Protein chains: 2
Amino acid sequence: MADIYRALADPTRRAVLDELHERDRQTLFELCGRLAVKHGVASSRQAISQHLGVLEEAGLVRVEREGRYRFHSIDTAPLRAITERWPARQGKDGPS
Amino acid sequence: MADIYRALADPTRRAVLDELHERDRQTLFELCGRLAVKHGVASSRQAISQHLGVLEEAGLVRVEREGRYRFHSIDTAPLRAITERWPARQGKDGPS
DNA sequence: TTGACATGCAAGTCCAAACTTGCATATCGT
DNA sequence: ACGATATGCAAGTTTGGACTTGCATGTCAA
């Protein structure tokens, strides 16, 4: 499984996760349209496709193939690894 | 406040957070030594310094100046924004 | 089978960011 | 004051990654 942190580094990929979080099982074309309209993302189909590849390798997006369609869904499970890697310690961090 | 996601994207910066999570209030030199020995990080002092700048801008590292020393500490609070942005939804994500 | 639709792949371009290099500043002990 | 220590800054180099471009593959409806 590829690097989840690198996958989250790109703002377009975060917008993809935002959109998939609102609506599951979207195809590449669906995503392209909705990203452009609702998230102001002006990326080409190929660019979004490559972003989906990175997200899929990081385990953040799951894909179901049906005929000529690929339905994409978000998987938030890998995100837990982040807060588990640097857990908050009692009374050490809190805001000033 | 700069991009927390971009700050986490670099493996050396994550090692810095790992080290600061183990031991708070480290100076730049302390960090350089410990990173090399315990985390296999072979970066120059200047490189680490620049990484600390990025982490500080992202709010993940706090600095206390005392004389000629700069003590660095981790602040895990901004990490919450990640899991709060894409919260797990009941019965939608779970593993197959 | 044929054309339209949905996606896949790979080489090339371009820019941000990581790293280096060299010197400057500031603080402490003697 | 002077040397040693700890950090700061900025310009230059280099590498990784985002994006483009062009074509290939695969699926469906007629």
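Because the structure is a prediction, the values reported are computed rather than measured. Residue numbers begin at 1 in each chain, while the letters A, B, ... track the order of the sequences.
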Quick one: [X] [atom1] to [N] [atom2], roughly how many Å, whole number?
X	N	atom1	atom2	answer
A:Arg68	C:dA4	CZ	C1'	8 Å
A:Asp10	C:dA17	CG	P	11 Å
A:His72	C:dA6	NE2	P	13 Å
B:Gln46	C:dA18	CD	C1'	13 Å
B:His51	C:dA17	NE2	C1'	10 Å
B:Ile48	D:dT7	CD1	P	12 Å
B:Leu31	D:dT7	CG	C1'	13 Å
B:Phe71	D:dT7	CZ	C1'	13 Å

Seminar exercise, completed: Result for 5'-nearest mapping on DNA chain D, choosing between A:Ala9 and B:Glu30, is B:Glu30
Exercise. Which residue, B:Phe29 or A:Glu66, contacts DNA chain D at a nucleotide closer to its 5' end, judged by nearest heavy atom?
Worked result: B:Phe29
Spell out yes or no: do the side chain of [X] and the base of [N] have one donor N/O and one acceptor N/O closer than 3.5 Å?
X	N	answer
A:Arg70	C:dT7	no
A:Gln50	D:dT20	yes
B:Arg45	D:dG8	yes

Problem set entry | Test side-chain hydrogen bond (donor to acceptor under 3.5 Å, both in side chains) applied to A:Trp86 and B:Thr76, B:Asp75, B:Asp18, the passing residue | B:Asp18
Exercise. Between D:dC19, C:dC19, D:dT7, which one does the side chain of B:Leu28 approach most closely?
Worked result: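 The listed nucleotide nearest to B:Leu28's side chain is D:dT7.
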Problem set entry | Closest listed nucleotide, where the reference is the side chain of A:Ala47 and the choices are C:dT7, D:dT20, D:dG17 |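 Selected nucleotide (nearest to the side chain): D:dT20.
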Problem set entry | Working for side-chain contact (heavy atoms from CB on, under 4.5 Å), residues B:Ile74 and B:Leu55 | CA-CA 9 Å; B:Ile74 191 175; B:Leu55 289 169; over 6 Å; no
For this session: Starting at CG of A:Leu31, measure out to NE2 of A:His39 and round the result to the nearest 0.5 Å.
Result: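 Answer rounded to 0.5 Å: 9.0 Å.
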Exercise. Can you tell me how far NE2 of A:His21 sits from CZ of A:Arg14, rounded to the nearest 0.5 angstrom?
Worked result: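 Those atoms lie 15.5 Å apart.
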Exercise. Checking B:Arg62 side chain against B:His72 main chain: does a donor-acceptor pair fall under 3.5 Å?
Worked result: no
Problem set entry | Contact under 4.0 Å: A:Arg13 side-chain N or O vs D:dA18 OP1/OP2 | yes
Exercise. Quick one: is D:dC19 close enough that its OP1 or OP2 comes under 4.0 Å of any side-chain N or O from A:Ser44?
Worked result: no
